[in-house]
Amino acid sequence: MTGPYAEVIGDPISHSKSPLIQKFWLRALGIDADYRATHVTPDALPAYFAERKDDPNWRGCNITVPHKVAALAHVEDHEGVRAAIGAINTVIRADHGVLVGTNTDAAGFAAPLSGFDLAGKPVTVIGAGGAARAVLFALTGIGVGPVTLLNRNVEKGAALLSSFGLDGQALPLDGAVPPSALLVNTTSLGMTGQPSLDLDLSALPEHAVVYDIVYAPLETSLLAAARARGLATIDGLEMLIGQAAVAFALFFGAEAPRDRDAELRRILLG
Ligand code: ATR
């Protein structure tokens, strides 16, 4: 590799959409840099970071399954991501080969919500896994009101709410969705090959927003049900593109050209 580059690492890695997104923006802006997908197994992770640290062309990497937690051991954690989210999805090579970890999922999740007034409003979150942590971190930043967390494992949901110091309650997944200004699915339910998420949305007010982080299929049964009720919806490509945009700016020092989203979305779906 001769010029500047960044990459996404994971095991497996071939499914990652990150190269499509990052290369689309590099081309759109005429930036002479590369972005690639690199297969890194858990055993190879320490050697990977040790090697990249000394490569001045390497701007950093995105991190996907299964390295999001293990990678924390190799980076500086300037933002307290370890305590707040417990996982990173981006590593930047700072001056003198210092590796700095961050998690752009939270900012990527929050970006499409900027047009909605959610401060102090009740919110419902489905799920209590890694994605839920990034979502709750973002919701804490927005200053939402009480959070109802629906999860198959209720105790896990309650522990997660209290770890974020959020007001609210954990209920089973088959519990009714309470009136909420925002409903978010953070689980893989509804993804192709997974059971669907069939919730009764009748208690949601007319101005509610329904947000699904699943993007395959783009219209999940949850979003279809929300649209049938005339509610505002945000699909999973918004978060996928949003987290990538934050990483792109960190890697390449330029704002992602979000005015080209329609074209990017067509490429991602194609
Ligand atoms: P991620 O890092 O993508 O969030 P995860 O940490 O494995 O993945 O979390 C998956 C979430 O989806 C959890 O909330 C999980 O519920 P439990 O905490 O009860 O395990 C939820 N989930 C996954 N498959 C599910 C299923 N078939 N039914 C109900 N909930 C499910």
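When a ligand or atom number is given, it counts from 1 through the structure's own listing order. When reading the values below, keep in mind they use all heavy atoms of this one structure, side chains included, and skip hydrogens, waters and symmetry mates. Treat the numbers as computed from the prediction; the structure is a model and nothing was measured. We number each residue from 1, following the sequence as shown.
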message = Using the rule given for side chain to side chain donor-acceptor pair (under 3.5 Å), can you reason through Asp212 versus Thr220, listing the C-alpha separation, both sets of side-chain angles and the distance that settles it, and then say yes or no?
response = CA-CA 8 Å; Asp212 200 335; Thr220 57; 2.6 Å; yes
For Lys156, the ligand 1 atoms whose distance to one of its heavy atoms is below 4.0 Å = 17 (P), 18 (O), 20 (O)
ask   = Roughly how far, to the nearest 0.5 Å, is CG of Asp261 from CZ of Phe24?
value = 8.0 Å
Atom 4 (O) of ligand 1: nearest protein contact (heavy atom, Å) = Ala131 N, 2.9 Å
request  = Do me a favour and list the nearest non-hydrogen protein atom to atom 9 (O) of ligand 1 with residue, atom name and distance?
outcome  = Gly129 CA, 3.3 Å
ask   = Given Ala128, Gly127, Gly130, Ala132, which one has a non-hydrogen atom that is nearest to atom 6 (O) of ligand 1?
value = Gly130
query = Hey, what's the ring geometry for Phe251 with Tyr35, parallel, tilted or perpendicular (30° and 60° as the breaks)?
reply = tilted
ask   = Tell me, which protein residue and heavy-atom name are nearest atom 11 (C) of ligand 1, and how many Å apart are they?
value = Thr187 CG2, 4.0 Å
ask   = Taking N or O atoms only and a 3.5 Å limit, does Leu173 qualify as a polar contact for ligand 1?
value = no
remark   = Rounded to the nearest 0.5 Å, the CD atom of Gln22 sits from the CZ atom of Phe252 at a distance of 6.0 Å
request  = Using atom types as modelled and distance alone, determine if a side-chain donor or acceptor of Asn89 lies under 3.5 Å from a backbone N or O of Thr104.
outcome  = yes
inquiry  = Quick one, Met239 with Val184, criterion side-chain contact (heavy atoms from CB on, under 4.5 Å). Give me CA distance, side-chain angles, the key distance, then yes/no.
reply    = CA-CA 12 Å; Met239 179 167 169; Val184 189; over 6 Å; no
Test item: side-chain donor near acceptor, Thr41 and Asp11, under 3.5 Å = no
request  = Write out the residue and atom name of the closest protein heavy atom to atom 16 (O) of ligand 1, then the distance separating them to 0.1 Å.
outcome  = Asn151 OD1, 3.4 Å
Minimum non-hydrogen distance to atom 24 (N) of ligand 1, winning option of Met191, Arg152, Lys68 = Arg152
ask   = Which is it for Asn153 and ligand 1 at heavy atoms under 4.0 Å: side chain, backbone, both or neither?
value = both
